[in-house]
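The structure presented is a predicted model; accordingly, all values stated were derived computationally and were not measured.
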Amino acid sequence: MFRELCLGLLLVTLQSSIANAQIGRASILGTITDAQDSAVTSASVTAVHTQTNTTYKATTNEAGIYRFPGIPIGTYEIAVEMAGFKRAVRTGIVLQVDQNARVDFHLEIGAVVESIEVKESTPLVDSSSATVGKVIENERISSLPLNGRSALSLVSLTPNVRSQAQSPSGFGDRGLLVTAFSVNGGPSGMNNITIDGATNLNVRAGDTNVNPTVDSVEEFKVQSGTMSAEYGYTAGGVVNIVTKSGGNMVHGTLYEFLRNDAFDARNAFAATKPPFRYNQYGGALGGPVKRNRTFFFVNYEGWNYRR
């Protein structure tokens with residue numbers, strides 16, 4: 001059992017390292033204009049991922065448009081520099097999975113050493129995609145109570161999703177297939193589930209290859225409607241999962257969740273309480289191997305169930 005868990009962890013890690021497509025990532029695009037709303041060409045645009053200090057650079061084209069495609073989700077700071085204009089900076093830009101955020105700049109005449117900083121306070125609108133979707137962010141994944149602690153059970157928070165899972169064991173997300181849900185009225189069990197850009201479906205078993213633990217998931221998005229060609233293998237919707245990754249700060253958790261008949265009341269029609277033991281335990285740790293360059297994240301979870 002332990003060897004299978006380690007192998008699954010290794011496969012997820014390898015998938016994370018080679019998945020560079022848009023799936024599981026996001027993009028930023030925008031237009032740089034001056035006070036007369038004319039396009040500013042050849043402006044230097046820099047985006048910094050604040051958790052890792054990873055820097056991405058772009059230059060505006062003849063229409064004043066810049067783009068950062070396929071970048072990791074997270075919080076960004078974007079700066080624009082152009083000779084003859086004040087440096088413009090926007091901070092607190094939060095990218096979610098599969099988001100195509102538009103961030104425009106209007107430059108003011110002045111010296112580059114002068115700077116105008118704007119802190120982002122409202123969600124960025126994705127106006128470049130017809131895909132219908134809802135992101136289940138990390139706060140809800142880590143805070144909401146989950147009987148059995150499967151992050152995929154939170155797909156039911158999406159308005160167009162109807163769960164069809166039934167569990168005789170009392171664990172709604174552990175008893176039967178975690179993929180038993182319908183998106184937009186589509187067939188149950190025929191949704192695509194990706195993890196860090198790689199497909200996570202076991203076609204033969206009709207279930208997932210890896211049911212990611214709560215502490216390893218950063219966020220996920222339930223998508224439906226008109227989707228781009230990179231999303232296939234679905235007759236209903238797509239669940240786009242992004243796992244956590246390390247940053248410049250060390251973060252970790254240790255946990256155990258338990259249920260025990262010692263805490264339960266006796267059924268009014270039963271002479272005795274049947275034995276019931278459920279222990280779910282594990283930990284997660286992430287941080288830098290080399291600051292601003294190489295990072296790690298590892299998670300382990302085990303569970304024992306006896307009744």
Side-chain angles (χ1 to χ4, degrees), residues 1-20 23-26 49-52 54 72-75 95-98 135-155 157 171-174 177-179 193-202 207-222 239-259 278-291 293-305:
M1 180 63 180
F2 181 75
R3 193 171 77 173
E4 284 78 1
L5 288 172
C6 291
L7 179 60
L9 176 62
L10 176 61
L11 290 174
V12 171
T13 304
L14 291 175
Q15 289 173 356
S16 302
S17 65
I18 64 175
N20 294 318
I23 299 178
R25 296 199 165 209
H49 187 260
T50 58
Q51 288 94 331
T52 61
T54 304
I73 64 173
T75 305
L95 285 187
Q96 296 180 321
V97 56
D98 196 51
V135 174
I136 308 301
E137 70 282 357
N138 184 259
E139 182 178 357
R140 283 193 282 183
I141 294 173
S142 59
S143 300
L144 290 177
L146 292 171
N147 190 6
R149 302 192 79 240
S150 171
L152 281 174
S153 64
L154 293 175
V155 297
L157 295 177
F171 297 93
D173 47 19
R174 289 283 187 185
L177 303 182
V178 296
T179 56
I193 299 177
T194 65
I195 183 167
D196 291 327
T199 185
N200 189 32
L201 288 179
N202 187 323
D207 204 355
T208 58
N209 283 318
V210 177
N211 186 9
T213 65
V214 169
D215 290 73
S216 68
V217 175
E218 179 64 30
E219 65 183 35
F220 64 86
K221 185 176 183 180
V222 182
V239 181
N240 193 348
I241 303 171
V242 178
T243 59
K244 291 181 179 179
S245 58
N248 281 324
M249 301 292 291
V250 177
H251 294 281
T253 58
L254 286 173
Y255 56 88
E256 179 171 5
F257 297 85
L258 65 94
R259 290 175 60 183
Y278 185 89
N279 295 79
Q280 193 166 7
Y281 48 88
L285 183 66
V289 175
K290 184 176 182 180
R291 288 182 60 84
R293 186 172 181 87
T294 308
F295 312 94
F296 75 93
F297 178 83
V298 61
N299 168 243
Y300 169 80
E301 181 173 286
W303 59 285
N304 303 323
Y305 177 34

Going by the rule side-chain contact (heavy atoms from CB on, under 4.5 Å), which residues pair with Tyr255 if we only count those two or more places apart in sequence or in a different chain? Arg149, Asp215, Thr253, Phe257, Asn299, Glu301

Partners of Leu144 by side-chain contact (heavy atoms from CB on, under 4.5 Å), sequence neighbours excluded? Arg140, Leu154, Leu157

Contacts of [X] that satisfy side-chain hydrogen bond (donor to acceptor under 3.5 Å, both in side chains) - sequence neighbours left out:
| X | answer |
| --- | --- |
| Asn138 | none |
| Thr54 | Thr52 |
| Arg291 | none |
| Thr75 | none |

For the residue pair [X] and [Y], what are the closest heavy atoms and their distance?
| X | Y | answer |
| --- | --- | --- |
| Phe220 | Val97 | C-CG1, 4.0 Å |
| His49 | Pro72 | CD2-O, 4.2 Å |
| Gly74 | Gln51 | CA-NE2, 4.0 Å |
| Ala151 | Val214 | N-CG2, 4.0 Å |
| Ala284 | Phe297 | CB-CZ, 3.9 Å |
| Val217 | Pro212 | CG2-CB, 3.7 Å |

Verdict with supporting geometry, Val239 and Thr194, side chain to side chain contact (heavy atoms under 4.5 Å, CB included): CA-CA 6 Å; Val239 181; Thr194 65; over 6 Å; no

Kindly compute the distance separating [atom1] ([X]) from [atom2] ([Y]), expressed to the nearest 0.5 Å.
| X | Y | atom1 | atom2 | result |
| --- | --- | --- | --- | --- |
| Leu258 | Tyr281 | CG | OH | 12.5 Å |
| Ile193 | Leu152 | CD1 | CG | 5.0 Å |
| Glu137 | Gln96 | CD | CD | 7.0 Å |
| Gln280 | Asn304 | CD | CG | 10.0 Å |
| Ile141 | Thr213 | CD1 | OG1 | 10.5 Å |
| Asn209 | Leu201 | CG | CG | 7.5 Å |

With sequence neighbours excluded, residues passing salt bridge (charged side-chain N to carboxylate O under 4.0 Å, His left out) with Arg293: none

Under the 3.5 angstrom rule, does the side chain of Glu218 hit a backbone N or O of Ser245 as a donor-acceptor pair? no

Given 3.5 Å as the limit, does a donor-acceptor pair link the side chain of Asn279 with the main chain of Trp303, or not? no

Under the side-chain contact (heavy atoms from CB on, under 4.5 Å) test against Glu219, which residue among Ile73, Thr243, Ile136 passes? Ile73

Ring-plane angle category for Tyr305 and Tyr278, please: parallel below 30°, perpendicular beyond 60°, tilted otherwise. perpendicular

Is it true that Ser150 and Ser153 share a donor-acceptor pair across their side chains at a distance under 3.5 Å? no

